[in-house]
Amino acid sequence: MTNEWCGWREATERALYGPGEGFYTRAGGPGPAGHFRTSVHVSPLFAGAVATLLCRVDAALGHPGELALVDVGAGRGELLTGVLAALPDEVATRLRPYAVERAARPEGLDPRIGWHGELPAPGSVSGLLFANEWLDNVPVDVVETDADGVRRRVLVRADGTERLGGPVDGADAEWLARWWPVGPDASPGLRAEIGRPRDEAWARAAGTLRAGLAVAADYAHERAARPPFGTLTGFRAGREVPPVPDGSCDLTAHVALDSCAGPRAERLTQRAALHALGVDGRRPPLTLAATDPAGYVRALGTAGAAAELTDPGGLGGFGWLVEPVGGACAGLVAEWDG
């Protein structure tokens, strides 16, 4: 890793995805599951909910001869593996699963899963595109307000040392003014992350669909409540650590999903989405313990996993950005909340 000064976007790109040395591309690494728990790793219930959603998309599209499931930021293929196990045979036989991931294909992965380093071509597939905790790893630049109230890019070296660079201008300044503004009396030290690269990445991802539904699930914040000091952080071996762009840790920042959203998109919490897809964290009735003790224990475990996935103070507080492509899937969000 070079130790030259650069913006956080460039440093993060190199640290996470550098050929052979990036946190996600290093050969033999454990993948995301070795460092943090996503909803996919918490319980098969999450893959089951995605399978339920995929079946709804399939029905809305009239049960096409080929149905796509595009998993963007596929990790080690855990979500696609779980969805394939949960699908009815009638749907699974028509499914074309795409894993989009910059790391190498893991050994032993279901041969039905196609492994791709890039998104499918624009408008080339119909079905469901799902991006679970992908946008938070799309690299972004960080800005900080100086003593004169000017927003400047934060420059960083591979060892994590920072200094302020030049003022933000052009399209990035326009994005900040619209989506992460500060008042005229802004205090020094206020920070923000420029989400424009994520807007563009999401538009490209959703644009791969000819028809269907695109969903992003991620850490998120809204324009009215942006964190004053930003959200950039690191994760390693299950613990939050300082963000150091040397390839030793994950680098992540919450997502301005409201800026990513297209004109037909809807936003809701993961708690609301999973409840509508049949994930229920209520405990089983105690009477079941008397009639079927083993069944009660299984149901209790399922309820505990569902509660973790829908906890409003944790994974349930994640944002879901749900964007229909074409008219067939436009009503699915209303159906979820019904």
Side-chain angles (χ1 to χ4, degrees), residues 1-17 23 35-36 133-202 216 218-236 239-261 267 313-314 317-319 321:
M1 292 284 177
T2 178
N3 207 32
E4 299 175 355
W5 293 103
C6 64
W8 266 104
R9 183 181 179 187
E10 179 182 340
T12 300
E13 174 69 27
R14 186 168 55 236
L16 295 185
Y17 307 114
F23 181 76
H35 296 278
F36 49 86
E133 295 194 41
W134 168 59
L135 285 171
D136 67 283
N137 283 133
V138 172
V140 292
D141 273 321
V142 178
V143 302
E144 183 175 316
T145 305
D146 68 12
D148 297 320
V150 176
R151 302 180 97 171
R152 296 181 176 271
R153 294 184 191 274
V154 176
L155 305 181
V156 64
R157 296 196 299 197
D159 62 5
T161 306
E162 292 183 336
R163 74 180 187 194
L164 294 187
V168 182
D169 56 10
D172 286 342
E174 293 173 6
W175 188 93
L176 287 168
R178 179 179 180 185
W179 293 109
W180 203 322
V182 294
D185 55 348
S187 303
L190 295 180
R191 285 197 168 203
E193 293 107 23
I194 302 172
R196 191 169 62 87
R198 292 170 173 176
D199 299 354
E200 295 169 352
W202 178 245
D218 228 312
Y219 305 92
H221 45 58
E222 299 284 326
R223 184 182 185 278
R226 304 284 190 222
F229 302 105
T231 61
L232 179 68
T233 191
F235 280 94
R236 183 192 304 119
R239 296 189 177 186
E240 188 170 5
V241 296
V244 178
D246 61 358
S248 68
C249 66
D250 180 35
L251 297 171
T252 176
H254 290 33
V255 183
L257 283 178
D258 48 353
S259 76
C260 295
R267 301 194 308 279
F318 273 34
L321 173 61

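Source: prediction; values computed, not measured.
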Determine yes or no for a side-chain-to-main-chain donor-acceptor pair under 3.5 angstrom, with Arg236 supplying the side chain and Cys249 the backbone. no
Nearest non-hydrogen partners of Val138 and Arg198, listed with the distance: O-NE, 3.1 Å
Can you name the residues that form a side chain to side chain contact (heavy atoms under 4.5 Å, CB included) with Leu155, not counting sequence neighbours? Trp5, Arg163
Check salt bridge (charged side-chain N to carboxylate O under 4.0 Å, His left out) between Arg191 and all other residues, then give those that pass, not counting sequence neighbours. Glu144, Glu162
Rounded to the nearest 0.5 Å, how far does OG of Ser259 lie from CD1 of Ile194? 11.5 Å
To the nearest 0.5 Å, tell me how far Glu133 CD sits from Asp250 CG. 9.0 Å
Which heavy atom of Ala261 sits nearest a heavy atom of Leu321, and at what distance? CB-CD1, 3.5 Å
List the residues meeting side chain to side chain contact (heavy atoms under 4.5 Å, CB included) with Ala173, not counting sequence neighbours, and say none if there are none. Val168
In this structure, CG of Asp246 is separated from CZ of Arg157 (nearest 0.5 Å) by 13.0 Å
Using modelled atom types only, decide if a donor and an acceptor are shared between the side chain of Arg223 and the backbone of Arg178 within a distance under 3.5 Å. yes
Pair Glu13 + Arg9, salt bridge at N-O below 4.0 Å: no
Rounded to the nearest 0.5 Å, how far does CG of Leu251 lie from CG of Leu16? 5.0 Å
Can you tell me how far the CH2 atom of Trp202 sits from the CG atom of Leu257, to the nearest 0.5 Å? 9.0 Å
In plain terms, say whether Glu200 and Arg196 are close enough for a salt bridge, that is, a side-chain N and a carboxylate O under 4.0 Å apart. yes
In terms of heavy-atom contacts, Val244 and Gly160 come closest through CG1-N, 3.9 Å
Give a yes or no answer on whether the side chain of Asp136 reaches the backbone of Ala253 with a donor-acceptor pair at less than 3.5 Å. no
My understanding is that only residues two or more places apart in sequence, or in another chain, count here; which of them pass side chain to side chain contact (heavy atoms under 4.5 Å, CB included) with Pro167? Val150, Arg152
Which class fits the ring pair His254 and His221: parallel under 30°, tilted 30 to 60°, perpendicular over 60°? parallel
If every non-hydrogen atom of Pro227 is compared with every non-hydrogen atom of Trp180, which pair is closest and at what distance? O-CZ2, 3.2 Å
When rounded to the nearest 0.5 angstrom, what distance separates CG in Leu135 from OH in Tyr219? 13.5 Å
Could you go through Thr161 and Val156, starting from their C-alpha distance and side-chain angles, then the distance that decides it, and tell me whether this counts as side chain to side chain contact (heavy atoms under 4.5 Å, CB included)? CA-CA 6 Å; Thr161 306; Val156 64; over 6 Å; no
Glu222: partners by salt bridge (charged side-chain N to carboxylate O under 4.0 Å, His left out), with sequence neighbours left out: Arg267
Could you pull out all residues at least two apart from Thr145 that satisfy side chain to side chain contact (heavy atoms under 4.5 Å, CB included)? Arg151, Ala186, Leu190
Measure across Trp8 and Pro245 and return the closest heavy-atom pair with its distance rounded to 0.1 Å. CH2-CD, 3.7 Å
Without hydrogens or angle criteria, can the side chains of Asp199 and Trp179 be said to hold a donor-acceptor pair below 3.5 Å? no
